[in-house]
Amino acid sequence: KREEINIKILGDEQARNTGFVSDILSKMHKVRSIKPKFNDAYNSYAYEINDDFIVRFPRNVKSLDKLIRENKILEFLDGKITLDIPKTEVYEDGYFYTIHKKVHGDNITQSDLSVLSSSEKNKFFFDIANFVYELNSVTEEISKKIDIPRWDRLERAKKPREVLEYMLSDDRLNKNEKTFISNFYDKFVLKNDNEIIKFSHFDIMAKNLAFDFSEKKLNGIYDFGDCAIGDVYHDFSQIGLNYNLETLSEIVKQYEKFSLPFFQKNVDF
């Protein structure tokens, strides 16, 4: 299909020329202002236009396929998610790009979260947990309609044995430290007996959250490019990259409250 419609992909120099990008967009949209948002997107060239819309161009063929799949996922999820999520439109006349109205709100860090009241924090914990649960709940249906990849970021990482060998070869570690590492490796089982394979987001981090600081509530979540089928607790591990253990624990507690009855049929706890 890409060959038939002769889709072109922006080069890096073209992407940094906002005048060039504006000319492309002006064929279909009125562009009053354009701001690059490169720091917020690793797989695409992103722009904010007219202070109200986000446009993304793929960086390469792989990210083109990812944007196409993300659009299909968002179309499927429309009306199924409590929080606001993007509603994208695809344009493929010449250069391929997607556009959606901004999910309004600002990124919320752990330090921002820490100053909220207990009730405001609990609402945040609940909203994140409920979002994950809602995605998990559509696993069977979405898998039949869209080719969803398996989340394999951990599988692509170095294997435990490789890490062990690297550590044991490090001359900066003394004999006792190496003995401790070896014993830890022998005793620690890298296995999740309660593995729950479901459809989920797998990139819930501050940079993808839209929080309304005036109303003290989470408005929505965006960037569904990493959505996949995988162990749902890996989704929570991503949250742990931005938030502390207390926050992560509270979100997991909320999740388990209403997800446990749903998963008990399939998992032996």
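Fair warning: this is a prediction, and the values are worked out from it, not measured in the lab.
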Requested in this report: Examine Lys216 relative to Phe213 and say whether NZ or CZ is less than 6.0 Å from the centre of the six-membered ring and inside a 45° cone about the ring axis.
Outcome: no
Query raised in the report: With a cut-off of under 6.0 Å to the ring centre and 45° to the axis, is Arg56 in cation-pi contact with Tyr45?
Result: no
Requested in this report: Answer yes if the side chains of Ser63 and Asn43 hold a donor-acceptor pair under 3.5 Å, and no otherwise.
Outcome: no
Requested in this report: Take His29 and Tyr91, measure what ring pair (Phe, Tyr, Trp, His ring centres under 6.0 Å) needs, and give me the verdict at the end.
Outcome: CA-CA 11 Å; His29 316 279; Tyr91 290 85; 4.8 Å; yes
**Report entry** Distance-only polar pair, side chains of Gln110 and Thr247, donor-acceptor under 3.5 Å
**Finding:** yes
Query raised in the report: Under 3.5 Å, is there a donor-acceptor pair between the Thr98 and Asn71 side chains?
Result: no
Requested in this report: Using only heavy-atom distances, determine whether the side chains of Glu134 and Thr82 contain a donor-acceptor pair under 3.5 Å.
Outcome: yes
**Report entry** Electrostatic pair Glu246-Lys121, nearest N-O below 4.0 angstrom
**Finding:** no
Query raised in the report: Hey, is Lys66 close enough to Glu70 for a salt bridge, meaning N to O under 4.0 Å?
Result: no
Query raised in the report: If you measure only the distance, is there a donor-acceptor pair under 3.5 Å linking the side chains of Asp112 and Thr109?
Result: yes
Query raised in the report: Do NZ/NE/NH1/NH2 and the carboxylate oxygens of Lys178 and Asp170 come within less than 4.0 Å?
Result: no
**Report entry** Gap between atom CD1 of Ile229 and atom CZ of Phe202 - 0.5 Å precision
**Finding:** 7.5 Å
Requested in this report: Would you check if there is a donor-acceptor pair between the side chains of Tyr222 and Asp203 at a distance under 3.5 Å?
Outcome: no
